[in-house]
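So that the names make sense, note that chain A is the first sequence line, chain B the second, and so on, each numbered from 1.
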2 protein chains.
Amino acid sequence: MAITSPRAALKRAELAGRLGCNLETIRYYEKIGLLPEPARTASGHRLYSNGDQVRLRFILRARSLGFSVEDVRSLLGINDGRPSCADVKALAEAHRGDIRKRIADLRQMDRRLGEIMAGCTGAETPDCALTDNLFEDR
Amino acid sequence: MAITSPRAALKRAELAGRLGCNLETIRYYEKIGLLPEPARTASGHRLYSNGDQVRLRFILRARSLGFSVEDVRSLLGINDGRPSCADVKALAEAHRGDIRKRIADLRQMDRRLGEIMAGCTGAETPDCALTDNLFEDR
DNA sequence: CTTGTGTCTGTGCCAACTACAGAGCGTAAC
DNA sequence: GTTACGCTCTGTAGTTGGCACAGACACAAG
């Protein structure tokens, strides 16, 4: 196989390797319609163009920012046509609100856990402040 | 002489209502072995004792602290017998580390999103700094 | 007796992948 | 030529932690 030139068609594992995603993820995105059906060799092996690579990179970046697959669908204009900057901004603001709520929830968990663990001695006995607290009749 | 308090047995919906969980969650916890099979009426309706209620409350509290179902299984001593305080502490510390990692990940997402959104004007045009950024050839 | 509500069971569905089985294809060595 | 190995193909099932529904049965009120 030739050294990877920018426009050479890639096989599935090559594309996955370049973008650092799992092999099967690519087939999954194709199945759910985020990626178009790629070209094929005569025997049916998938061949990915440079455009396919650009699109997959977009999807992976959006996912790494926490956007859901449905969000990515919107960002790509699959749902209602290409979104305006206002649409994108609204989506991103909503997503950011969601992230912040999740952070707040996790912080509360951490705080509660810290309070409960304060009495946890780490002894070798079955008596434990943490389990006692959860069993407590409040 | 009755030793246990003569609290009435609860039906599934009553138990769910009291502890504020979904009806089906109870059946699910029974199915995966977190809750024991409860008593039944002659016709097969489940009847929950006070002990069942205590155990379910424990499970729900542990879950609300973010412990996984497998963690709860360990806390209840289903896996390897009743855990020592040291076991519980180790489990809780590991879980806390996990929570903190998730917080850190979410904060990074929020920060990256904020940086990318800085150029997002909210205009009615399809040109958007956010999508441009994700498509960028870096 | 009928009507309405509750419970029973099994099953399917959700996100977002990941893994695997069994078949076929490609290529390098021998 | 063929044999071996590795990659790809397909469909399907598993993951986590439940929620929802269909169709059958139970039970209490009127």
Among D/dG18, C/dC20, D/dT8, which nucleotide sits nearest the side chain of A/Glu24?
-> C/dC20
Do B/Thr131 and A/Arg82 have side-chain atoms, one donor and one acceptor, less than 3.5 Å apart?
-> no
Verify the distance criterion only: is there a donor paired with an acceptor across the side chains of B/Ser84 and B/Asp87 at less than 3.5 Å?
-> yes
A/Leu23 CG - C/dC20 P separation (whole Å) = 13 Å
Minimum side-chain heavy-atom gap A/Pro83-A/Leu91 below 4.5 Å | no
To the nearest angstrom, how far is A/Tyr28 atom OH from D/dG14 atom P?
-> 18 Å
Scanning both residues in full, the closest heavy-atom pair of A/Gly66 with A/His95 reads O-CE1, 2.9 Å
Here the distance between atom C1' of C/dA15 and atom CG of A/Leu34, to the nearest Å, is 13 Å
Closest of D/dC9, D/dG18, D/dT12 to the A/Arg40 side chain is D/dC9
OP1 or OP2 of D/dA26 under 4.0 Å from side-chain N/O of B/Thr41 | no
A/Arg27 CZ to C/dA21 C1': how many Å, rounded?
-> 12 Å
Touch check for B/Ser68, heavy atoms < 4.0 angstrom, all strands: base, sugar-phosphate only, or nothing?
-> sugar-phosphate
Separation of D/dC9 P from A/Leu47 CG (nearest whole Å) | 9 Å
Does A/Cys21 or A/His45 map to a spot on DNA chain C nearer the 5' end, using the closest nucleotide for each?
-> A/Cys21
Donor-acceptor contact present, side-chain B/Arg57 to main-chain B/Leu19, <3.5 Å = no
Ignoring backbone atoms, test whether A/Arg63 places a side-chain nitrogen or oxygen under 4.0 Å from the OP1 or OP2 oxygen of C/dC17.
-> yes
By nearest-heavy-atom nucleotide on DNA chain C, the more 5' of A/Tyr29 and A/Ala42 is A/Tyr29
Considering only C/dC25, D/dT8, D/dA20, which nucleotide approaches the side chain of A/Ser43 most closely?
-> C/dC25
In whole Å, what is the span from the CD atom of A/Glu14 to the P atom of D/dT8?
-> 7 Å
Does B/Arg46 place a side-chain N or O at less than 4.0 Å from the phosphate oxygens OP1/OP2 of C/dT7?
-> no
Candidates D/dG17, D/dT10, C/dT9 - which lies nearest the side chain of B/Val69 = D/dG17
Can you check the A/Arg12 CZ to C/dT18 P distance for me, whole Å?
-> 13 Å
Grab the CG-P distance between A/Asp98 and C/dA15 for me, whole Å please.
-> 15 Å
Select one nucleotide: of C/dT11, D/dA20, D/dC27, the one nearest the side-chain heavy atoms of B/Asn22.
-> D/dA20
